[in-house]
Amino acid sequence: MSFGEQPAYLRVADDLRQQITDGSLPPHTRLPSQASIRASYGVSDTVALEARKVLMAEGLVEGRSGSGTYVRERPVPRTIARSGYRTLGECSPFRQEQADERVRGTWEAQSERGEAAPGIAERLRVEPGDPVMCTRYVFRVGTEPSMVSTSWEPLGLTGRTPVVLPEQGPLAGRGVVERMAAIDVIVDNVAEEVEARPALAAEARVLGGLPGHPVLVVRRTYRAGCLPVETADVVVPADRFRVAYHLPVR
């Protein structure tokens, strides 16, 4: 086979990826063995192994203990709808993260006091080490995990108020906007940044898939004017969901 100027293992991975994409290697088909790749492409064992590693890191294939490496079934991505517009009332944590009213889901959460790491301190405009309330969420559509989220709120703002615990107290589970309004803090804007990265091992255990499979990370910060009141990392498995935004025209 003739190839371009790419490293050999990437050229082999490209060709195998194309076979997966066009259906020549359909889901659940065993990937050619290392020996077969070596013979077909005229490459070394090391190149064949590295090509297989690329496809595995991309989530296109998966290893099955004692059986080999197989093409993964690629689910049709479903939509997680997001909106910059949040109103008071009926804004549960699930609805806060999934703006499509047709989608019903559940969540579970656990909160604990902690100290702001430097990156979180910068996002909240507090000092590193300042006290924060950290809440970790798992969101599900039916029984399937769809998102995990880690939220941080500055205890300098909420620490001596009834809303210090997002999922306990008189406004438990009512969402950031309504909880902050109860302590006379009016949230009027939200900013989100989206990036892609490989899933961490802890995220993969909850969301399914393998460490290294791609996820989308939405870095969200709620503000009252210029004052950040909450920031969160929302992690979505990129092979099963897409993120869609609905933003009002002003």
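Note that this is a predicted model, so its numbers are computed, not measured. The analysis underlying the following values was restricted to heavy atoms, covering all of them including side chains, and did not include hydrogens, waters or symmetry mates.
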| R52: salt bridge (charged side-chain N to carboxylate O under 4.0 Å, His left out) partners, not counting sequence neighbours | none
| query | Mind checking what makes salt bridge (charged side-chain N to carboxylate O under 4.0 Å, His left out) contact with R125, not counting sequence neighbours? | reply | none
| request: Using side-chain hydrogen bond (donor to acceptor under 3.5 Å, both in side chains) as the criterion, list what pairs up with E58, not counting sequence neighbours. | output: R17
| said: E73: which residues meet the side-chain contact (heavy atoms from CB on, under 4.5 Å) condition with it, sequence neighbours left out? | reply: P27, H28
| request: Quick one: list whatever passes side-chain hydrogen bond (donor to acceptor under 3.5 Å, both in side chains) with T231, sequence neighbours left out. | output: R123, T221
| Going by the salt bridge (charged side-chain N to carboxylate O under 4.0 Å, His left out) test, which pairs reach into residues 144-154, not counting sequence neighbours? | R78-E144, E144-R240, E153-R179
| field | Any donor-acceptor N/O pair, N189 side chain to Y222 backbone, under 3.5 Å | value | no
| query | Would a distance-only check, ignoring hydrogens and angles, find a side-chain to backbone donor-acceptor pair under 3.5 Å from R219 to E195? | reply | no
| request: Return each pair, listed once, that meets side chain to side chain donor-acceptor pair (under 3.5 Å) where at least one residue sits in residues 155-165; pairs must be two or more places apart or across chains. | output: none
| Remaining members of V206's ILVMFWY cluster at a side-chain heavy-atom cut-off under 4.5 Å? | V138, V148, L207, V215, V217, V235
| task | Without swapping roles, check the side chain of E203 against the backbone of L200 for a donor-acceptor pair under 3.5 Å. | result | yes
| said: Once side-chain contact (heavy atoms from CB on, under 4.5 Å) is applied, do any residues pair with L165, and if so which ones, sequence neighbours excluded? | reply: S111, M133, Q168
| query | In chain order, what residues pass the side-chain contact (heavy atoms from CB on, under 4.5 Å) check against A51, with sequence neighbours excluded? | reply | V12, A13
| Under the side-chain hydrogen bond (donor to acceptor under 3.5 Å, both in side chains) test, which residues partner Q110, sequence neighbours left out? | none
| note | Taken in chain and number order and not counting sequence neighbours, the residues that satisfy salt bridge (charged side-chain N to carboxylate O under 4.0 Å, His left out) with R136 are E112
